[in-house]
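The next block holds one structure in the form of structure tokens; read it before the comments.
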Amino acid sequence: MTTPPLISDIEKRRVFGIISHPDAGKTTLTEKLLLHGGAIREAGTVKARRSAKFATSDWMEIERQRGISVTSSVMQFHYRKKFISIMDTPGHNDFGEDTYRILTSVDSAVMVIDGAKGVEDQTRKLFAACRLRGIPIFTFINKLDRETKDPLELLSELEEVLGMPATAVTWPIGSGLNFQGVYDLVTCQLHLYKEARSLDLRVHGPEDPALESILTGYNLKTFREEMQLLKGAGNPLDQKQVAAGELTPVFFGSALADFGVTEFLHHFLEMSPPPQPRNTSSGKVCPEDPDFSGYIFKIQANMNPAHRDRLAFLRVCSGTFEKGMTATLSRTGKPVKLTQSIQLMANARNQAETAVAGDVIGIYDTGTYQIGDTLATGRELFAFEPLPTFPPELFALVRPRNTMKAKQFHKGVKQLAQEGAIQVYHNVYNEVILGAVGQLQFEVFQYRVEHEYHAPIRMTPLDYTLARWVPKEQEDKLKACLDSRSMLVYDRFERPLILFANLFTLRYFQERFPFAKLVDSLELTEGTL
Ligand code: G4P
């Protein structure tokens with residue numbers, strides 16, 4: 001048994017991820033939150049930190065060239081007696097599985113939406129990954145300092161596209177040149193946007209005559225009408241529904257102008273949950289349990305290309321982590337000593353001496369860990385629920401250019417698959433097929449196999465975009481049903497799956513062979529096949 005954690009320590013922790021379509025303002029909002037928390041002193045630091053990090057790592061040359069961040073870390077700060085950890089997710093067009101996987105380690109998510117564009121493709125996918133876990137999702141509608149869509153339209157778009165009811169917590173008054181501020185429906189405070197400076201006024205509801213001397217006629221009329229509509233047809237703010245991930249509270253503002261961000265942060269800290277119990281193979285584990293437990297949700301390759309060491313990211317789920325402690329790796333049943341561990345801060349990497357539920361620590365790894373591994377002390381051997389397999393949408397056949405390098409090639413493939421850098425399958429001829437959710441994963445894979453394992457490769461893109469797992473007992477029967485637009489492959493656990501060219505091909509296949517049990521990767525849990 002380790003030192004039992006203090007409940008007050010756990011209660012003050014907030015671990016969340018920010019999701020958005022590229023350019024919606026995720027980095028800008030992150031930066032403003034860090035500025036509020038005093039974790040950084042100047043705007044521009046988050047972007048600068050990213051470029052500084054690239055310089056230290058060779059294989060991340062790709063990132064530097066493309067000005068994006070493949071890897072992600074944790075940014076932590078104290079604010080209003082809370083200890084906040086923002087899990088930084090790669091937010092570029094070529095997002096990868098890491099983006100999804102990081103969302104398994106958070107207790108809530110913040111979805112940033114560009115007010116002019118509404119819900120975009122990538123937001124929808126990430127939102128689906130959050131929904132899967134039933135975590136609370138908060139929405140920040142950004143860029144109100146520019147012309148945006150009508151706020152009521154944005155609310156209904158959110159509800160329609162995401163299939164979740166939304167409730168406004170703050171409401172914008174105008175947008176773009178006509179933007180006058182946001183009204184807080186909970187505190188009845190009006191925050192005036194004047195030359196990008198915030199001025200607060202407490203009013204007695206939208207009908208308060210004091211508003212007449214503050215807001216322009218048009219804005220006031222529209223604002224009052226919108227408030228009437230929300231009162232009559234809007235969803236009430238139900239905390240239970242928010243906590244269960246069934247209702248998204250919505251905030252409006254401008255991350256760039258740092259407007260509406262404070263209101264968002266205050267409400268978010270009130271409404272978002274501290275670390276929650278987690279399901280395991282032997283029941284629930286609670287954050288305040290005295291025994292230490294955690295799981296690995298990300299493995300980051302060597303920051304130093306001279307060594308093949310890796311950093312495993314562990315989310316603590318219960319008990320107290322103490323540097324140097326011995327825990328059991330449940331996959332192997334073997335003890336491991338956790339001597340080299342670091343805290344992952346926004347600007348520095350400090351030695352992690354202790355950590356409790358909600359904290360994320362980095363453990364140096366020489367090849368011991370795999371994504372999804374459970375580490376625990378005490379109790380009988382158990383494992384946290386396996387991480388979902390995220391739906392790959394891009395596939396490529398990959399071969400070593402030089403057959404003399406086949407051994408290095410296969411070693412690289414195996415290790416990169418273990419790290420979760422890419423999905424690896426094989427076809428009936430035992431050829432390696434890669435699956436990814438973003439193109440960048442292929443580029444990183446190629447770069448790393450060639451530079452770290454010295455095995456030049458040839459990659460041939462395949463015309464498939466969908467994967468469906470099938471039960472082993474249907475495998476032989478289904479082989480006879482395949483055509484040029486579908487292909488049978490096996491994942492690294494030897495589970496068979498069929499790759500389809502597109503949704504049309506998949507539907508046609510299902511119509512012709514209704515007996516086929518086709519399982520989506522996100523539904524792929526033990527017992528579904
Ligand atoms: P991302 O991480 O979601 O990809 O978006 P990021 O924060 O990098 O923002 C994308 C662009 O949108 C940036 O402009 C940023 O300044 C701008 N932006 C973010 N929030 C707001 C906002 O509230 N209002 C307005 N008007 N713009 C906003 P850029 O020109 O691409 O980059 P930069 O030169 O400003 O860094």
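Order of appearance sets the numbers: ligands from 1, and atoms from 1 within every ligand.
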### Atoms in ligand 1 with a heavy atom of Ser254 nearer than 4.0 Å
22 (C), 23 (O), 24 (N)
### Query
Taking heavy atoms and a distance under 4.0 Å, where does Thr27 meet ligand 1: side chain, backbone, both or neither?
both
### Query
Any nitrogen or oxygen of Leu144, main chain or side chain, under 3.5 Å from a nitrogen or oxygen of ligand 1?
no
### Query
Has Lys12 got its NZ or CZ under 6.0 Å from the middle of the six-membered ring of Phe83, at an angle within 45 degrees of the ring axis?
no
### Query
So between Lys143, His21, Lys26, whose heavy atom ends up nearest atom 28 (C) of ligand 1?
Lys143
### Task
Within a distance under 4.0 Å of any heavy atom of Pro22, pick out the atoms of ligand 1 and give their elements.
4 (O)
#### Entry: Those residues that, when tested against Phe445, pass ring-ring contact (aromatic ring centres under 6.0 Å, His included) (two or more places apart)
none
### Task
Mark yes when over 12 heavy atoms from residues, nucleotides or ligands other than Asp463 sit less than 6.0 Å from its CG; otherwise mark no.
no
### Task
Please work out whether any backbone atom (N, CA, C, O) or any side-chain heavy atom from C-beta onward of Ser20 is under 4.0 Å from ligand 1, and answer side chain, backbone, both or neither.
side chain
### Query
Mind checking whether Phe500 and Tyr464 have ring centres under 6.0 Å apart?
no
### Query
Relative to the heavy atoms of Asp23, which atoms of ligand 1 are at a distance of less than 4.0 Å?
1 (P), 3 (O), 4 (O), 5 (O), 10 (C), 12 (O)
### Task
Could you see which bit of Leu256 sits under 4.0 Å from ligand 1, with heavy atoms only: side chain, backbone, both or neither?
both
### Query
Would you say Ala257 and ligand 1 have an N/O pair spaced under 3.5 Å apart?
no
### Residues which pass ring-ring contact (aromatic ring centres under 6.0 Å, His included) with Phe179, listed by chain and number, not counting sequence neighbours
Tyr193, Phe259
### Query
So does Glu385 pair up with Arg278, basic N to acidic O under 4.0 Å?
no
### Task
Give the contacting part of Arg146 toward ligand 1: side chain, backbone, both or neither, where contact means a heavy-atom distance below 4.0 Å.
side chain
#### Entry: Best match, Thr30, Asp145, Asp114, Thr28: closest heavy atom to atom 7 (O) of ligand 1
Thr28
### Query
Less than 4.0 Å between a side-chain N and a carboxylate O, is that true for Asp107 and Arg14?
no
#### Entry: Aromatic ring pairing Tyr295/Phe297, orientation class (parallel under 30°, perpendicular over 60°, tilted between)
perpendicular
